[in-house]
**Q** 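I'd like to ask you about the structure that follows.
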Amino acid sequence: MGNVAMAEGAMAAGLQFFAGYPITPSTEVLELLSHRLPETGGTFIQMEDEIASINAMIGASLAGAKVMTATSGPGTALMAETISMAACLEIPFVICDVQRNGPGTGFVTAPHHNDIMQCKYSGNGEYEVIAFAPMSCQELFDLTIEAFNMAEKFRCPTFILSDAYLGHLHEQVRIPPAKELEARVVERLPPDRETKRFFTFRDDAGAIHIPPPPRVGQDPFPAYLFSQPHGADGIPVEKDRALEFIERICHKVTDNVDSIAMTDEYLVDDADIIIIAYGLPARVSYDVVNKARSTGIAIGLIRLVTVWPFPYEKLKQLIAGKRVLILPEMNQGMIAGEIERVMDELSRIERIPSIGDIHHPDSIMKVVKEVARKS
Amino acid sequence: MTPKPEFYPNEQPEHPLTLKSMMGAKEGNFGSLFCAGCGYGIIGQLFTKVFDKEALDPLAYPLVLGIGCYTQMVTILHHGIQKIVALHGRAPAIATGLKLANPSLKPIVMTGDGDCLGIGTNHFVHLCRRNLDCLVILFNNGIYGMTGGQVAPTTPKGYKTGTTMGPAFENTIDGVQLALAAGASHVARITIAHPRTFMKYLKTGLKHEGTSVIEVITPCVTYFGKKNVDNGGNSLASGGAMLQWIRHSTTWRNQAALLDDDELAGKYVIGEFKLDGGKLEYSEQYDQIRKRAMKSGDDGTV
């Protein structure tokens with residue numbers, strides 16, 4: 001099951017602490033980890049709500065543990081305030097958002113990729129996040145490990161955007177041998193004793209450095225931790241340096257977009273029609289591209305493996321001169337808006353929204369054929 | 001960058017504990033950031049005094065503060081303690097994470113009446129329910145001081161605030177009764193007019209294994225005192241008048257047993273309400289579960 005693969009991926013990445021609150025369709029993650037964590041010496045706690053979950057989680061992260069929580073859209077909304085605080089204090093953590101239909105309570109067991117914007121923009125202030133959009137159980141396992149690594153390296157809110165169907169999808173997963181897994185995991189480093197720098201800073205040459213986070217119960221520690229614009233030593237700075245601070249916590253991600261953002265380009269070079277997709281619709285789209293190619297349509301696929309940070313420059317180059325961009329999304333077109341920012345005047349976008357259900361390959365194929373006929 | 005303020009080189013701190021405080025240890029001297037007549041300076045000083053006297057390891061007692069005027073207390077608290085300022089009301093949840101990830105720690109939560117009994121009641125209740133090894137110091141000044149004197153869930157009936165049309169009329173919440181009902185194993189209430197007893201409770205709380213809740217009644221002269229008068233019509237606009245008012249509004253627990261409900265209306269009952277050293281603490285309980293799970297060798301695959 002997708003949720004199980006995600007939980008096992010987290011265990012493989014060295015998860016030590018999980019705090020959560022039951023919410024359909026993510027509950028299996030909690031149920032499994034409540035057993036798996038104590039067996040390996042970790043800690044599982046079911047908190048009183050999602051707000052408490054994320055706060056307990058960042059408390060544990062400050063104490064040096066690798067942490068995660070699993071929730072759905074409404075839970076992520078409750079967590080927004082603390083996501084923003086943790087982004088300010090650069091606390092590493094992973095949130096698994098098993099997305100369900102909305103707004104409001106919605107259809108709780110139906111998928112809807114409606115947290116694409118929420119995961120980045122829900123909290124107050126300006127900050128960057130990293131978000132993965134897996135499309136299979138194997139990827140839920142592999143990308144969860146990658147998400148933990150990114151959280152440790154870049155110390156920003158890190159999301160895994162699963163959904164109600166993917167979370168409950170049953171398929172085979174290959175779990176590599178322990179040695180191979182160990183080599184893939186990035187460990188938490190102790191705070192820097194010599195420089196006493198705890199937060200992202202720029203060196204004299206202007207390069208960004210991300211030191212390991214401070215750890216409660218160990219020296220050195222900042223004079224106090226307060227989620228205000230602060231310097232590398234953690235001491236809050238004056239208003240006139242707030243912009244510099246915001247730039248630091250944003251640029252540590254956006255400057256490294258090439259090493260964080262993952263895309264898969266499939267038959268893109270000679271295509272004049274491009275499908276751009278992420279998550280489950282991408283899986284459908286590979287099939288659509290193969291079928292369309294067999295009928296002689298010059299079509300390709302750009303799959304976004306990570307949604308945030310958005311690889312604007314890379315996509316700009318990839319879609320330059322392409323005639324039609326087809327966006328099958330399980331929402332009204334959230335990423336289509338981002339594509340509009342980088343596409344040239346000659347291209348046009350065809351949105352294929354699907355809410356509450358995954359796209360049937362035929363529904364995408366129909367659009368592909370129509371578009372191809374018009375050329 | 002703003003220039004660092006220059007201190008008088010020959011000036012000696014007025015108070016011997018100044019150098020133990022965070023800013024005092026850093027700068028050689030430091031004053032209080034609080035309004036005249038505020039109780040937080042006294043609480044910060046008493047806390048630092050007890051912590052210093054008991055010679056506790058500061059690294060084992062991380063401090064999690066909520067949001068309120070008392071957040072400024074970080075500057076005057078013991079310099080060795082690691083201080084984390086949580087979001088409004090969320091301090092108990094952060095303390096839960098700290099304690100469970102590293103059971104050798106004993107978090108101290110400093111929270112206010114708006115923080116703990118308003119926005120964060122849920123977290124406070126569940127912290128007490130779990131009996132997590134943690135000391136909660138709850139400051140009750142009956143008003144939202146930092147935002148300028150709005151009505152709090154603890155504002156006594158009949159007193160004026162910034163957001164009530166006329167005097168406050170809502171029923172108040174009792175932090176001590178709430179903690180008792182939720183299952184905290186050490187519960188006490190005291191006022192800053194009783195500093196020695198406060199220090200005694202603080203020592204007990206620091207050594208107690210389990211949730212310890214100490215509510216401290218403290219005055220807010222600027223936003224409560226200046227707007228209100230006592231029952232006799234006397235102004236409360238000074239620290240001294242507020243301290244008198246607090247003294248007159250309190251009854252010791254043993255005396256309260258003899259009074260009926262009408263006589264107790266509007267009174268703060270002070271004293272130690274519960275001290276149960278035998279109640280199992282959460283992280284210890286979880287440790288037993290963890291040991292059992294690790295022994296069973298069940299890999300838990302579904």
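Throughout, a chain's letter reflects where its sequence line sits, starting with A, and its residues are numbered from 1.
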**Q** Can any side-chain N or O of B:K106 pair as donor or acceptor with the backbone N or O of B:H208 at less than 3.5 Å?
**A**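 Yes.
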**Q** What part of A:Q16 gets within 4.5 angstrom of chain B, counting heavy atoms only: side chain, backbone, both, or neither?
**A**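 No part of A:Q16 comes within 4.5 Å of chain B.
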**Q** Below 4.5 Å, heavy-atom pairs only: which of A:T40, A:D219, A:I58 has the largest tally toward chain B?
**A**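 Ranked by heavy-atom pairs under 4.5 Å with chain B, first place is A:D219.
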**Q** Is it the case that the ring center of A:H230 lies less than 6.0 angstrom away from the ring center of A:F245?
**A**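 Yes.
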**Q** Is it true that A:S84 and A:N124 share a donor-acceptor pair across their side chains at a distance under 3.5 Å?
**A**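 Yes, because at least one side-chain N or O of A:N124 sits under 3.5 Å from a partner of the opposite role on A:S84.
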**Q** Measure the CD-CE distance between A:E50 and A:M79 for me, rounded to the nearest 0.5 Å.
**A**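 The CE atom of A:M79 is 5.5 Å from CD of A:E50, to the nearest 0.5 Å.
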**Q** What option among A:T82, A:N55, A:L37 has the most heavy-atom pairs under 4.5 Å with chain B?
**A**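 When all of A:T82, A:N55, A:L37 are compared, A:N55 has the most.
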**Q** So which of A:G42, A:S227, A:G64 has the largest heavy-atom pair count under 4.5 angstrom toward chain B?
**A**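 Winner by heavy-atom pair count: A:G42.
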**Q** Select one option (side chain, backbone, both, neither) describing which atoms of B:Y282 are under 4.5 Å from chain A's heavy atoms.
**A**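 The answer is the side chain of B:Y282.
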**Q** Is the shortest side-chain N to carboxylate O distance from B:K49 to B:D52 below 4.0 Å?
**A**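 Between B:D52 and B:K49 there is no salt bridge, as every charged N stays at least 4.0 Å from the carboxylate O atoms.
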**Q** Below 4.5 Å, heavy-atom pairs only: which of B:N122, B:V125, B:L105 has the largest tally toward chain A?
**A**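 The candidate making the most pairs under 4.5 Å is B:N122.
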**Q** Among A:A63, A:A223, A:G217, single out the residue with the greatest number of heavy-atom pairs under 4.5 Å to chain B.
**A**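 Result: the option with the highest number of such pairs is A:G217.
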**Q** Please flag which part of B:I67 lies under 4.5 Å from any non-hydrogen atom of chain A: side chain, backbone, both or neither.
**A**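 Only the side chain of B:I67 comes within 4.5 Å of chain A.
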**Q** Heavy-atom distance under 4.5 Å to chain B: side chain of A:F226, backbone, both or neither?
**A**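 Contact with chain B: backbone and side chain both.
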**Q** Counting only non-hydrogen atoms closer than 4.5 Å, does B:L100 touch chain A with its backbone (N, CA, C, O), its side chain (CB onward), both, or neither?
**A**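 Both parts, backbone and side chain.
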**Q** At what distance, to the nearest 0.5 angstrom, does CD1 of A:I51 lie from CZ of B:R90?
**A**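 Going from CD1 on A:I51 over to CZ on B:R90, the span is 4.5 Å.
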**Q** Parallel, tilted or perpendicular, judged at 30° and 60°: which one describes the rings of B:Y144 and B:H88?
**A**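 B:Y144 vs B:H88 ring planes: perpendicular.
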**Q** Say whether, by atom type as modelled, one donor and one acceptor occur between the side chain of A:T69 and the main chain of A:A19 under 3.5 angstrom.
**A**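 Side chain of A:T69 to backbone of A:A19, a donor-acceptor pair under 3.5 Å: yes, one is there.
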**Q** Taking every heavy-atom pair that is under 4.5 Å apart, which of B:N102, B:I289, B:I84 has the most such pairs with chain A?
**A**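 Looking at each option in turn, the highest pair count goes to B:I84.
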**Q** For B:R130, is it the side chain, the backbone, both, or neither that has a heavy atom closer than 4.5 Å to a heavy atom of chain A?
**A**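 Contact with chain A is through the side chain of B:R130 alone.
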**Q** Side chain, backbone, both or neither: which part of A:M57 has a heavy atom under 4.5 Å from chain B?
**A**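 No part of A:M57 comes within 4.5 Å of chain B.
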**Q** When only pairs under 4.5 Å are counted, which of B:V64, B:I81, B:L87 shares the most heavy-atom pairs with chain A?
**A**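 Top option by heavy-atom pairs under 4.5 Å: B:L87.
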**Q** Using every non-hydrogen atom in the two residues, find where A:M1 and A:C137 come nearest and quote the distance to one decimal.
**A**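 Distance-wise, the nearest heavy atoms are C-SG, 4.1 Å.
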**Q** Of all the heavy-atom pairs spanning B:L127 and B:P92, show the shortest one and how long it is.
**A**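 Between these two residues, the closest heavy atoms are CD1-O, 3.8 Å.
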**Q** Counting heavy-atom pairs closer than 4.5 Å to chain B, which one of A:A65, A:A52, A:P214, A:S53 comes out on top?
**A**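 Top option by heavy-atom pairs under 4.5 Å: A:A52.
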**Q** Examine whether an atom of A:E31 lies under 4.5 Å from a heavy atom of chain B, and if so say whether it belongs to the side chain, the backbone or both; otherwise answer neither.
**A**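 When you check distances to chain B, no heavy atom of A:E31 falls under 4.5 Å.
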